[in-house]
Amino acid sequence: MTDPTATATANQKLHFYQKGTFTVGNRLVPDTERSVQASIDRSNALTCGHRACQGCGEALGARYAMDAAMRATGGNLIAVNATGCLEVFTTPYPETSWQMPWLHSLFGNAAAVATGVAAAMQVKGRKEVRTIAQGGDGGTTDIGFGCLSGMFERNDDVLYICYDNEGYMNTGVQRSSATPPTARTATTPAMGPEPGNVFGTGKSVPKIAVAHGIPYVATATVADLHDLERKVMKAMGIHGARYIQIHVPCPLGWGSASHDTIRLARLAVECGMFPVFEAEHGIVTSSRKIRRPVPVAEYLKPQRRFAHLFKDGGDSQRLGHLQAIADRNIVEYKLLEPEEEAG
Amino acid sequence: MLKQTEGSHATAEAIALCRPEVICAYPITPQTHIVEGLGEMVRLGQLKNCEFINVESEFAALSVAIGASAAGARAYTATASQGLLFMAEAVYNASGLGLPIVMTLGNRAIGAPINIWNDHSDAMSMRDAGWLQLFAESNQDSIDLHIQAFRIAEELSVPVMVCMDGFLLTHASERVDIPEQAQVDAFLPRYEPRQVLDPGEPVSIGAMVGPDAFTEVRFLQHYKQTLALHLIPELAAEFSGRFGRNTGGLLRTYFADDAEMLVVAMGSINGTIKDTIDEMRADGFSIGLVNIVSFRPFPTEALRRLLAGRKHVVVVEKSFAVGMGGQLANNVDLALRNTPAAPQVHSVIAGLGGRSITRTSLHRVFRRAVAQPWEGAHFLDLNEDIIGKELHHVRKVRRSGPTAENLLRRLDQAAQHAAAE
Ligand SMILES: Cc1ncc(C[n+]2csc(CCOP(=O)(O)OP(=O)(O)O)c2C)c(N)n1
Ligand code: SF4
Ligand SMILES: [Mg+2]
């Protein structure tokens, strides 16, 4: 089999894309490199009939991620799910959308439960069976953070996927440590002299994961599903602790149109707010370059959670602050520098 | 094999004989020696085919055990006190999911004030969490109950907590009989889970359940505990046949046949109570004992049969629900509900935070139950003097400071005063 990683990188260099999507279209690549989702052999690990909102980025991201992991492991996969939208909309009793072994325990323990599953497989001599933990940003960057860090530090054989929709959506859109500054949530209302979420220090869990020195860390986005699949497949080819954070717009929580999910995810990347990168063993190895740079305002404006930034002539000071955050990402992750030629 | 060893080590050896496949370890006194012992056995290859995982919290410890158990491995962990509280959410989760995890609780008080010594407040805090709770009287009991715990857990698909008194048992060196591996293997078959995560047969476990079925799910959980009321004595009998030792099943009695007064207690205090009973019976006092081995499920029927027709029941327990009274006493009361000519129930709270329960105090309180019965809970050996002073101080001074520190200072002053005299 060809190494899908190498080909995907080569594809990126070609800079060709389907009109309007910026992703490498299946019709333009050879059969072997087509997306997992395009194959009739895909596992449909997360099948239809679930109760996610229309245009839910999390449902989309999870479906692509799981099917890619299922392909990478030949279906030998067990998923552990933290409490949150993904858990709730996929398993309304007595139905389930999961066509794979799936366990939900609690909100803050998915990483630890997955460690237990992986340990059981090890001790049972079923080393071919791999384990994924998944949860929302709240379940990952806040309440599940201790368990996550423990799993990283022990280098347990678990891939943890965080679906980052920048808030506690399942409980009605409250602020999490992944909520961007100024965003309106139910607990950071758009009121007062500085409406929306505060400018804190930020909390980049991907970076914290990199600091653990684990074998593989990546960020991905539903705006580039081919890249997402590739990263999940790559992660499943590695043993030890791995982490992927997927940016998944939430129409309900963000106050955006259902049909804008992919567009917003793409704008988040193109403005520098959501850097897409990969790291191995503590070192950032590559980042996805911005193809058509846009100001952060272009990303923020279609979302009602930022509407107060654009009222009455606009809050230029705080928009400037947000732009500065994006600019810092662009420098830090070299998002505008030309792709280095592979040696 | 007979040997003189520390309770924690004896317990660790018993657990190793049960061939656990995943052990999650997190330190907390007085439980720590158990997992340390197991860790050594795994390192030395004495305990084979076992993943020993050093986790970052008790919450993770039980969560790892949940994952392992749901994936078909025999899982074990141990904790105490604050550790049990820290894992509380997972405690309920494990039983709700019906996972046969076995956990040792090295019983210890709960803070604040922080206190590392023995009482039963930790076990009582999780009494309604859906776990079975078995209490060891001795280190031999701890060994024997742990072996039975795995079997009970796996037959019913429920988690079991084996409670052993911190320090009094965990750190006490006693002569114990450690069974042979072959004996344990014959008693405890391989773990065949009822539900398991397996790519060959994918199931979803832990789905959301609404009002349409939640009551039924809970009822079945309750029903399992009623099944345990039969299974525990059955397995105790089988165990006794194979190992020659009887753990009593749900409860054990001592001179209970003819006694007008029955004492009810749990754990290691039963030893002291038995000594006291011997002395009192020698004085012609009609007294006996019911040692509750299984607090969950609570042996309501068995207890009612035993207690009905007695004059006095004295419940001695190392925990109480603040503002309400002793949990064991409340449960005993419940067992006697609607019983004609029910005995008088006297509640004694004793041994909190490791305070010694002396035979002298027990003598006094058992006699007092007849001579001067009290209402509500009686706190054994309560230092009423410093309580009075503190209450007076609090009434007088608005910013009266932290209670625990005030009491300690008063005790210190009293000691200095006594030394000066
Ligand atoms: C210990 C605990 N605290 C709080 C909750 C309530 N709760 C359930 S889901 C959720 C929000 C989940 O947010 P996130 O992890 O970001 O996932 P999302 O729903 O956004 O996908 C919260 C707060 C809970 N179930 N358990
Ligand atoms: S609230 Fe957001 S994350 Fe949850 S199902 Fe709806 S779109 Fe998806
Ligand atoms: Mg979220």
Side-chain angles (χ1 to χ4, degrees), chain A residues 43 45 70 73-81 83 87-126 128-131 133 144 146-154 156 158, chain B residues 19-24 26 48-75 77 86-87 89-90 92-94 96-97 99 101 191 193 195-214 217:
Chain A
S43 55
M70 287 287 274
T73 57
N76 283 310
L77 192 66
I78 295 175
V80 174
N81 214 127
T83 312
E87 169 259 330
V88 171
F89 73 63
T90 56
T91 56
Y93 177 87
E95 296 158 24
T96 179
S97 288
W98 298 100
Q99 306 203 82
M100 65 181 300
W102 179 92
L103 172 66
H104 163 246
S105 171
L106 294 168
F107 188 23
N109 69 354
V113 173
T115 290
V117 171
M121 290 303 121
Q122 183 74 18
V123 79
K124 292 276 172 195
R126 302 195 59 184
E128 75 287 0
V129 181
R130 308 293 300 283
T131 311
C147 286
L148 183 71
S149 174
M151 185 276 279
F152 285 168
E153 167 275 320
R154 291 186 301 267
D156 295 332
V158 172
Chain B
R19 302 185 187 277
E21 294 169 303
V22 175
I23 294 175
C24 316
Y26 194 81
K48 292 191 179 56
N49 207 32
C50 177
E51 293 280 314
F52 184 87
I53 304 174
N54 282 293
V55 289
E56 72 286 350
S57 74
E58 288 88 354
F59 178 60
L62 191 52
S63 299
V64 171
I66 285 169
S69 184
R74 187 173 281 165
T77 189
F86 200 75
M87 62 168 65
E89 201 193 0
Y92 275 79
N93 192 250
L97 292 172
L99 298 173
I101 297 163
Y191 172 36
Q195 49 168 11
V196 69
L197 294 166
D198 180 359
E201 229 178 294
V203 288
S204 299
I205 305 178
M208 180 140 196
V209 175
D212 45 351
F214 197 80
V217 171

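In what follows, chains are A, B, ... by sequence order, proteins preceding strands, each numbered from 1.
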Measuring only between side-chain heavy atoms, which start at C-beta, is F59(B) closer than 4.5 Å to C147(A)? yes
Residue V22(B) versus chain A: region with a heavy atom under 4.5 Å: side chain
Can you tell me how far the CE atom of M121(A) sits from the CG atom of L197(B), to the nearest 0.5 Å? 7.0 Å
Ignoring hydrogens, what is the shortest heavy-atom contact between G67(B) and V117(A)? Give both atom names and the distance. O-CG2, 3.5 Å
Residue from C50(B), P199(B), A73(B), A71(B) scoring the most non-hydrogen pairs under 4.5 Å with chain A is P199(B)
For E51(B), which residues count as a salt bridge (Lys or Arg N to Asp or Glu O under 4.0 Å) partner, sequence neighbours excluded? none
Taking every heavy-atom pair that is under 4.5 Å apart, which of T115(A), L106(A), T131(A), I78(A) has the most such pairs with chain B? L106(A)
Rounding to 0.5 Å, atoms CE (M100(A)) and CG (D198(B)) come to a distance of 12.0 Å
Contacting moiety of A94(B), where chain A heavy atoms sit under 4.5 Å: neither
What part of E153(A) is in contact with chain B, defined as an atom under 4.5 angstrom from a non-hydrogen atom: side chain, backbone, both or neither? neither
Contact origin within S204(B) toward chain A - heavy atom pairs under 4.5 Å: both
What residue in T91(A), T90(A), V123(A) has the most heavy-atom pairs under 4.5 Å with chain B? V123(A)
Please indicate whether F89(A) has more than 12 foreign heavy atoms, meaning atoms of other residues, nucleotides or ligands, lying under 6.0 Å from its CZ. yes
Rounded to the nearest 0.5 Å, what separation is found between the CE atom of M208(B) and the NE2 atom of H104(A)? 9.0 Å
Can you name the residues that form a side-chain hydrogen bond (donor to acceptor under 3.5 Å, both in side chains) with N93(B), not counting sequence neighbours? S105(A)
Please look at A119(A) and chain B and tell me whether the side chain, the backbone, both or neither of the residue comes under 4.5 angstrom of a heavy atom of that chain. both
Where Q99(A) and P202(B) come nearest, the two heavy atoms and their spacing: C-CB, 4.4 Å
Per-residue tally against chain B (heavy atom, under 4.5 Å) across V88(A), V80(A), T96(A), T73(A) peaks at T96(A)
Between A70(B) and chain A, with a heavy-atom cut-off of 4.5 Å, which part of the residue counts as in contact: side chain, backbone, both or neither? side chain
Against chain B, work out which of G125(A), G108(A), S149(A) has the most heavy-atom pairs shorter than 4.5 Å and name it. G108(A)
Which value, rounded to the nearest 0.5 Å, describes the distance between Q195(B) atom CD and L103(A) atom CG? 9.0 Å
